[in-house]
Amino acid sequence: MVDDLIRARWEKLTRLRELGVEPYKDGFSVSHSLKAALAEPDGTPVRVAGRLMTLRKFGKLAFAHLQDGSGQGQVSFQADLLPAAEMEQASKLLDLGDVVGIEGFLWTTRKGEKTVQTERFALLSKALRPLPEKWHGLKDGEARARRRYLDLIANEATREVFLRRSGIVSFMRRFLEASDFLEVETPMLQAAASGAAARPFVTRHTALDRDLFLRVAPETYLKRLLVGGLERVYELGKNFRNEGIDASHLQEFTMLEWYAAYWNYRDNMRFVQDLVQSVVREFCAGTQVRFQGQLLEFGGDWPEISYVEAVQEATGIDVLEHSTRESLAAEVQARLPDVDAAAYPSLPALVDGLYKTTVRPRLVQPCFLTHHPAELVPLARRSSTDPRVLDMFQVLVGSWEIVKGYSELIDPEEQYRRMSDQRDYRASGDEETMMTERDYIECMEYGMPPNSGVGLGVDRLVALLTENETLRSVVFFPSLRDDRREERLVVESLAQSGESGDEET
RNA sequence: GGGCCGUUAGCUCAGUUGGCAGAGCAGCAGACUUUUAAUCUGAUGGUCGUAGGUUCGAUUCCUACACGGCCCA
């Protein structure tokens, strides 16, 4: 059965067609955005277009608000200024949600509101489904994520989040380009899931008759470009990790990575701090951001915290004293009976698990976490002063890792050994490991310049700077389970109910 | 994977200690030339997430499942 609301709209559509009005036009010549139009003096002729959001009818007079990309603005219809047929259409056949084009002139109402007085109007696109409620908007989180377009129509705050997201991305591009970084694109379909310890998505390349992996990171391809002589490159794009979903993890997420030849991790720490502080200055009032009930201070030099020392402080365990999973697991069992060491299948998984459960929740204010144990990241350079740790840093904000960077490992022989270790961890059951990439090591054998690279989680940064507590809220269309609602299309319902366009009255 | 919470009209939400299902907005019919959450009159609109069970009777209680959320691993 066709819903009454939809049937009423369908009948109007049918009536319009009977009157010779095409309800789905091919375009409309717009002279002003609503915002620009309403800034013009009274009497100015304008052509505006937008979605009908409100309609207040007074017999021979009507007021409406249209919404376009610039915001909302009032338009009016008066019987004595419009052709009779168009006044009839405006008052009888329009529905909230319809997209209309209006030709008219500016005037100011008695209440002082700038308004476009309609002289001619055209229905540009008929809406068959009703919009969310005009006052409360669309609140249901699932509906907002599944039908983001309705969220964008109904909730101004949602539009602002995504406009800010686009602004931040654009700003970071300009920032990198001002420092002579070249934007590049590298494969999302990769022969080996490399560049991060993560479980990949697998897909099938039919023409090449082989399996490929959706990239978990662009890292090794960007460093191949450094070998090729492109000294500063960046890539902004999606990565895919086939792992758990929560407030700070999406399986498809946006990463900004850059690499600079001849920089080390210290150079990148300065650069990252400058970049993030510049973004905060540009998009937030001042240097502070409110996030999960806390005030985060991005200004000044961020403190540096040693990974190993922080874990030792929190647990009493010096992870560098252990070279095997079994040895570390024994000490964890003895000191931290609450931690289930057996749940972590490899040495790096156990070290990382200790850090995530005991240290990371405490790292709220922006800080650098540095010098991670060497087995955690196979692509990072060991520290010259202590080869048990890496010349590496992460930026943590609100207990979220938003940046990871290091001096890159450029020694092919050591790279081979380190990748082999990953294979061993995988053999012991750790599914979040990096695959060996012989191509990449071959490339390193030609000589890779010393360099440092950084990956910045764009979704996380945007969530922080828009005061959203989950990444889902800053991604237009997050992945969800199948929608089990038996929602029929309007066009199918009408067909099955025996409706046709010429039996209406 | 485990625990808890939620799912009622197109939207936002009430409600039923188990007994005819409620409001506002939207929609429908009508009035109205200065409204802006317009107003007024009238008539509408529901498989109470899905499937079972208990019961004279289930939207309400029980079980399973689906989807979503939060917390834990």
Side-chain angles (χ1 to χ4, degrees), chain A residues 1-13 15 34 38 52-67 71-82 87 90-98 107-118 127-147 150-151 153-155 243-249 292 336 338-345 349-350 352-354 356-358 361 468-473 478-490 493 504-505:
Chain A
M1 176 179 157
V2 183
D3 183 270
D4 288 346
L5 299 170
I6 290 169
R7 177 187 295 273
R9 287 166 181 260
W10 171 257
E11 289 174 0
K12 290 176 187 174
L13 178 97
R15 179 77 187 128
L34 285 165
L38 299 177
L52 191 67
M53 301 302 287
T54 64
L55 183 59
R56 297 173 291 283
K57 291 185 275 193
F58 299 87
K60 296 190 171 66
L61 168 72
F63 291 96
H65 271 91
L66 292 192
Q67 178 167 295
Q72 290 199 0
Q74 181 165 266
V75 300
S76 58
F77 302 89
Q78 277 193 28
D80 51 5
L81 294 173
L82 262 176
M87 189 66 197
S91 64
K92 298 284 188 188
L93 300 175
L94 278 185
D95 285 298
L96 299 189
D98 290 352
W107 69 295
T108 303
T109 66
R110 283 181 203 165
K111 296 283 173 63
E113 180 166 353
K114 279 280 190 182
T115 300
V116 177
Q117 182 71 268
T118 304
L128 292 176
R129 290 178 183 267
L131 289 181
E133 206 249 350
K134 65 184 175 186
W135 186 242
H136 296 96
L138 184 68
K139 289 189 171 174
D140 179 67
E142 183 181 353
R144 291 174 57 191
R146 287 193 194 277
R147 288 177 284 174
L150 291 182
D151 189 22
I153 291 169
N155 298 318
E243 297 169 0
I245 190 167
D246 63 34
S248 62
H249 293 83
Q292 295 182 344
L336 305 168
D338 292 347
V339 176
D340 179 16
Y344 301 97
L350 182 52
D352 192 49
L354 278 184
K356 281 178 176 166
T357 51
T358 64
N468 277 290
E469 300 193 355
T470 97
L471 300 189
R472 273 189 306 277
S473 303
S479 299
L480 297 169
R481 290 181 203 276
D482 274 354
D483 188 353
R484 302 284 185 190
R485 291 175 310 146
E486 292 188 14
E487 181 71 22
R488 283 229 304 264
L489 297 179
V490 172
S493 300
E504 302 304 326
T505 54

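Reminder, nothing fancy here: chain letters follow the sequence lines and each chain counts from 1.
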Pull out every protein N or O sitting under 3.5 Å from an N or O of nucleotides 7-11 of chain B, one pair per line with the distance.
from, atom 1, to, atom 2, distance (Å)
B:G10, OP1, A:D3, OD2, 3.1
B:C11, O2', A:E133, N, 3.1
B:C11, O2', A:G137, O, 3.0

Rounded to whole Å, CG of A:D95 lies from C1' of B:A26 at a distance of 10 Å

Rounding to a whole Å, what distance do you find between A:R144:CZ and B:C67:C1'? 17 Å

Taking A:E133 for the side chain and A:H136 for the main chain, is one N or O donor matched with an acceptor at less than 3.5 Å? yes

Below the 4.0 Å mark, does B:G27 have OP1 or OP2 next to a side-chain nitrogen or oxygen of A:R7? no

For A:R481, answer base if it contacts any base atom (sugar-phosphate contacts may also be present), sugar-phosphate if it contacts only those atoms, and nothing otherwise; contact means non-hydrogen atoms under 4.0 Å. sugar-phosphate

Should stems be defined as at least three consecutive Watson-Crick or G-U pairs with both distances under 3.5 angstrom, which of them involve RNA chain B? B:1-7 with B:66-72, B:10-13 with B:22-25, B:28-31 with B:39-42, B:49-53 with B:61-65

Determine the Euclidean distance between corresponding C1' atoms of B:G19 and B:C48; express it in Å to zero decimal places. 16 Å

Measure from the side chain of A:F63, starting at C-beta and using heavy atoms only, and say which of B:C67, B:U34, B:C28 lies closest. B:U34

Which value, in whole Å, describes the distance between the P atoms of nucleotides B:G18 and B:U60? 11 Å

Could I get a table of every N or O pair under 3.5 Å where one atom is in the protein and the other is in nucleotides 69-73 of chain B?
from, atom 1, to, atom 2, distance (Å)
B:G69, OP1, A:R472, NE, 2.8
B:C70, OP1, A:R472, NH2, 3.3
B:C70, OP2, A:R472, NH2, 3.2

Between B:U59 and B:G15, how far apart are the C1' atoms? Round to whole Å, please. 10 Å

What distance, rounded to whole Å, do you find between the two P atoms, one in B:G10 and one in B:A26? 16 Å

Is it the case that the side chain of A:T115 and the backbone of A:T109 share a donor-acceptor pair, with hydrogens and angles ignored and the cut-off at 3.5 Å? no

Would you classify A:K356 as touching base, sugar-phosphate or nothing, given that sugar-phosphate means primed atoms plus P, OP1 and OP2, and contacts are heavy atoms under 4.0 Å? nothing

Taking only the P atom of each, what is the distance from B:G42 to B:U54 in whole angstrom? 47 Å

What distance, rounded to whole Å, do you find between the two C1' atoms, one in B:G27 and one in B:U12? 16 Å

Nucleotide of B:G27, B:G68, B:A37 approaching A:R146 most closely (side-chain heavy atoms): B:G68

For residues A:K57 and A:K92, determine if any side-chain heavy atom of one lies less than 4.5 Å from a side-chain heavy atom of the other. no

Please check if the side chain of A:T108 supplies one atom and the backbone of A:E113 the other of a donor-acceptor pair under 3.5 Å. no

Which nucleotide sits closest to the side chain of A:E142: B:U36, B:A37, B:G68? B:G68

Nucleotide B:U34, atom C1' - distance to CD of A:Q78 in whole Å: 9 Å

Between B:A31 and A:K57, is there an OP1 or OP2 to side-chain N/O distance shorter than 4.0 Å? no

